[in-house]
Structures are given as C-alpha cells and as structure tokens.
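Remember, it's 1-based here, ligands and their atoms both numbered in the order they're listed.
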Amino acid sequence: MSVPAWAGGLVGLVSGGVALGVAQLVAGVVGPAAFPVVAVGDAAVDAAPAPLKDFAIAAFGENDKAVLVGGVLVVLAVVAALIGVLARRRLSLGFAGFAVFGVVGLLAVLTRPDTGVLDLLPTVVGTLAGAWALRSLLRRATTFTPALAPAYDRAPQPAMVPGASVDDEDARLEEGPEDEPERPAVMRAGGWVPEFDRRRLLTGVAGGVVVAGAATWLGREFGGRQAVDAARTSVALPKPATPAKPLPAGVDFKLPGLSSFVTPNKDFYRVDTAIVVPQVDPDDWTLRIHGLVDRPVELTYADLLGRPLTEADVTLTCVSNDVGGPYVGNARWLGVRMADVLREAGLRSDADMLLSTSADGFTCGTPVDVIMDGRDALFAIAMNGEALPVDHGFPVRQVVPGLYGYVSATKWVVDIKVTRFDEDEAYWTPRGWAAKGPIKTQSRIDIPGYGDRLKAGRTTIAGVAWAQHTGVDAVEVRVDSGQWRVAKLAEVPGPDTWRQWSIDWDATPGEHAIQVRATDAAGRTQTDQLAPPAPDGATGWHTVTVQVS
Ligand SMILES: Nc1nc2c(c(=O)[nH]1)N[C@H]1C(S)=C(S)[C@@H](COP(=O)(O)O)O[C@H]1N2
Ligand SMILES: [Mo]
C-alpha cells in the first residue's frame, strides 16, 4: 500500500546523488576543495594518525586518495539509503538526516585553509537540493485513490481522478499511518487511500539520476581545470640564464626495464596530501616572503619569469619510499634560485628554517643553510621542458637537491615564512616524521624484477642509485650472499641525480637472491640494517629473488 522499503532506499540514494551533483556543480564555480566529499576526505587525511596514513600509502600507493574518496562515497550511499527508508514514514526524519549530512559537510569545509563564506555554498545548496529531491520523489511514489465509498466532504475536488497524485500530500506523508485513528470516522471510511505507484517512482528516479549526473559533469567541467590548463599551455618559458650542463653521452644504458635517466612527466611519481589537486591561476599567484627578513617581498608569476633562470637536473625522492620502492624520479627543472630571492629580501642571521606553505595549506620546513650553500635550490616553473604539470605544482614549486620532498619540495607554493626550527613546525613533524630530512644514500634493482623467471646463462642486472648532492661513487651487487662485485656506473651530469648501474651475471639454475648496495662520494656505504620509512627514511639493501631454469 504505502511506499515499500526498497523504494525508500532508492529514493534516498538518488536524493543523495542529487545533493552531491548539485554540490559539485556549485563547487565547480567556487572551487573544488569546497566540494563537501573532498573536504571530508581532506579533513580525514589531516586528522588520520600517521601509522594509518603510512598503511594507506603502502597498501594503495598513489591511489590512496581515490580509495579514501571511494570510502566516503560508500558510507554516504548507505546512509542516504537509510534516510530514504526512514523518510517514507516521516518526511521530517529524512530532512533531519540531510541536515546532519549538511552540518558534517560544513564542518569539514570549515577545517580547510582559507575557507570563505562562498565555500559553504556547495554544501548548503547541495543539501537543500537533496531534501527537495527526497520530498518530490516520495510524493511521486504515492498516489491517492478514492476509497470504495467516496466521502462527500472530499468529493467536489475535480482533480481527484483515480491514479492522480494530490499536491498537498506532505501532511499525509508527515503524519504516517499511526495518526490515522485520530481522523474523523467519515474520512477514513470514504477518504483517499495512499497507494504505491511504482511506475511514477521509477520515472522520477530516472529524472533524479539524470540531474545528478549532469550536475556532476558540469561541475567538473567548470571546475577551473580548463582555465588553469589553458593558462599552463600558454606559458612561454624563457631561456635559462644558466643552462644545465649538457647530459653526458653515457647517462642512459637504455636497457629495457631499467628506469630511464630522465623520468617523463607522465610517469613521475606523485605524493601529496591533496585529494583534488589545487588549480592555481598563474595570474592570481603570488609568493610572499616574510618573517626574519629585512625587506618582505611579494613576487608575481611575471616577476619570477622575468628573473634570471637556472636549469638543473635533480632527482626527487619521497621519505615514504620503501627500500626498492617507486617514489623517486629524475627531471630537468627550470627556476629561480631560492638563495637569490632570500638574499634580496635580507635574510637575518638568526633564521634557520623556511616554512613554505602551499595553496592548499600543506607546510614544509627547509633548513636555510641548505638553501644558501650554493646548490641548485629552485623555485621551479618548468619540468622537462614544459610548464610544471598541475599535479607537480603548477605554477611554482620548490626543488632542493639532497632533501626528501616532505621537507623541501612544496608544490603550489604561495608563502614562505623565514623562521626558526625551535619556533615553527611543518605539516609532517607532529605526525611522526623528522623535522629535517636529508636523503639517505640508496640503490634499487630494476632488472630482473622480483620473482622473475630467467633462463640460465648470461643475464644483466641493472638499476639506479642515488645520494643527491653527494653523488654515487660505487655500486656493488652480490648473489646469494656471495662476494660483492663492483657494477658498471653510467655517466652523470653532477651529484644531484640518480645514477644507473649494471652488471652481468651468469645465472645458474635454482632460486637466487640478488642484493645491491651503493657507496656515496663521502665514502658512506649503505647499511644492511633494515629501517622503515618513518621517521626519516628507509634503510637496508634492496633484495630481488628470481627463479632460474
Ligand atoms: N603542496 C604540497 N607539496 C608537496 C607535498 C604535499 O603534500 N603538498 N608533498 C611533498 C612530498 S612528501 C614529496 S615526496 C614531493 C613529491 O613531489 P611530486 O609529487 O612532484 O613527485 O612533493 C612534496 N611537496
Ligand atoms: Mo615525500
């Protein structure tokens, strides 16, 4: 007779979809981080304890954000369906459910950096749209037919043909069946009987799905993405005042399966806390440098492009990279030397930390002495000959040879506070990672791969090793804990990039464990002591086992 539970659940789901679609559409105008699902995810990322985050990175790798957003959506779907089931009995319960959603969304948006009043709009409008969809769909699902004996008090209403819905049924939905006994007997005997109308419900649901889908799609299209993409493609990169040294002929062995010396942008690892990548318009971008300086400055993108540019080949590494892991890549960067800008601003002598902040509120603490010691520490605008990809920090990011990314490589950087380590803390420090993060000398076997099956006979073992700003001096390989043998090293343009290595091996039948270790130019050989990534970088020798037959 009245709306069955399954239909209530369906109505709840579709109404939730309408709410999110409309929120997405409004967020497309006011900014992607104001989309409540993303805000909830972002807030969860920031609030999650470090071990959980480490687990997420280890288990899902670069998909960890997609998994998180997927999880939020699944929870939302289940709750929305429940709201629909409840709302069938009492519409006010459904509205209350949506209100709770809305408040959670608003609270999450408010925890985001730089939230303005406008950022609350997607959640508010989305919640209202969802509540409206809930009410309309439930009304559609219920039609009222006259009871067997028509009541004379209702009979004159001309619109009341059997099967038609009535317009003022909120009250009936509100009251629910338990209120029936309070009605006058005559009304019950000859009133209108609510009936579930499956066909009208399903056409309404189809309409809701179309609205939700179209709004989501439009919201994404508007989402500033295209505007920033267009701005990015129209950037004309100036020629470097200080070009990089030409790459030596022998930097790349070009072996199948071995990491190429230059990592193409599309293959470059990505690690950050952003669920939706910040879309920063270079025309609006400025970099403010303040704190322990004599002359605070604010640079525009045009200012930066107008300054002498330095080009440098630098390998980035993430502190959360496991031994043998993928979070390392090498690129040619183009940018302004950070030291020049800081010197002009009048760096004070008591400063020892640069606290940089990104457009999305991530912060990073970099030692001042490292920036000022002459290495190619850059405010980078380009990566491998093109404007920075949005994922990698467009319009401007930091690149500092020798430091893990979490203490040096701020993407979408907008603010630098010159300060002291004993006064300020960056994003990852209270979350269990060291305040300072010099890169540990490491090496990785790329070929053969873990668990590969090989034919007996001559084969090549090869990989990469890195000790940024110190340089790799030697790489050794051993099989089954035998003698260490010295590998052949590729050429490098300088100490700031990784270095390819290779060695031949006469593989004999059976299972074998291959290990590698590097020695840097300071004479430090990698320790065999295994340490996890937290708090300051993994150690140990990369080991690959293979089956030879
Ligand atoms: N804004 C911002 N910048 C950031 C991060 C971040 O979370 N947010 N992560 C850092 C970390 S941990 C690393 S390893 C590098 C990774 O840079 P990539 O994504 O370009 O490889 O970016 C750094 N810069
Ligand atoms: Mo990192």
Can you find an N or O of [X] that's nearer than 3.5 Å to an N or O of ligand 1?
X    : answer
F268 : no
H392 : yes
R270 : no
W428 : no
W412 : no
D391 : no
A409 : yes

To the nearest 0.5 Å, what is the distance between [atom1] ([X]) and [atom2] ([Y])?
X    : Y    : atom1 : atom2 : answer
E344 : D294 : CD    : CG    : 13.0 Å
E476 : W501 : CD    : CH2   : 11.5 Å
L258 : Q500 : CG    : CD    : 4.0 Å

Parallel, tilted or perpendicular: which describes the rings of [X] and [Y], with under 30° parallel and over 60° perpendicular?
X    : Y    : result
W498 : W466 : tilted
Y427 : F362 : tilted
W285 : Y301 : perpendicular

For [atom], what's the nearest protein heavy-atom neighbour? Residue, atom name and distance, please.
atom                    : result
atom 19 (O) of ligand 1 : K411 NZ, 2.5 Å
atom 21 (O) of ligand 1 : Y269 O, 2.7 Å
atom 4 (C) of ligand 1  : F362 CE2, 3.6 Å
atom 13 (C) of ligand 1 : G405 CA, 3.7 Å
atom 6 (C) of ligand 1  : D272 CB, 3.4 Å

key: R397 heavy atom under 4.0 Å from ligand 1   =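 Within the 4.0 Å threshold, so yes.
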
request  = Compute the minimum heavy-atom distance from D360 to ligand 1 and say whether it is under 4.0 Å.
outcome  =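 The answer is yes: ligand 1 sits under 4.0 Å from a heavy atom of D360.
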
Going by the atom numbers of ligand 1, which of them fall below 4.0 Å from some non-hydrogen atom of [X]?
X    : value
V271 : 5 (C), 9 (N), 10 (C), 11 (C), 12 (S), 13 (C), 15 (C), 16 (C), 19 (O), 22 (O)
C318 : 14 (S)
T410 : 3 (N), 24 (N)
Y406 : 11 (C), 12 (S)
S358 : 1 (N)

Salt bridge present between [X] and [Y] (N-O < 4.0 angstrom):
X    : Y    : value
D272 : K411 : yes
R420 : D422 : yes
D424 : K417 : yes
D229 : R232 : no

inquiry  = Quick check on side-chain contact (heavy atoms from CB on, under 4.5 Å): which of V37, V30, V109 does P122 satisfy it with?
reply    =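 Testing P122 for a side-chain contact (heavy atoms from CB on, under 4.5 Å) against V37, V30, V109 leaves exactly one candidate, V30.
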
inquiry  = Evaluate D446 against S259 for side-chain hydrogen bond (donor to acceptor under 3.5 Å, both in side chains), listing each step before the verdict.
reply    = CA-CA 7 Å; D446 285 349; S259 305; 2.6 Å; yes

task = Just let me know how Y327 lines up against ligand 1, side chain, backbone, both or neither, with a heavy-atom cut-off below 4.0 Å.
result =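 Under 4.0 Å from ligand 1, Y327 contributes no heavy atoms.
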
request  = Classify the contact between V413 and ligand 1 as side chain, backbone, both or neither, using a heavy-atom distance cut-off of under 4.0 Å.
outcome  =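 For V413, there is no contact with ligand 1 at all, from either part.
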
key: Verdict with supporting geometry, Q526 and T539, side-chain hydrogen bond (donor to acceptor under 3.5 Å, both in side chains)   = CA-CA 7 Å; Q526 276 180 253; T539 62; over 6 Å; no

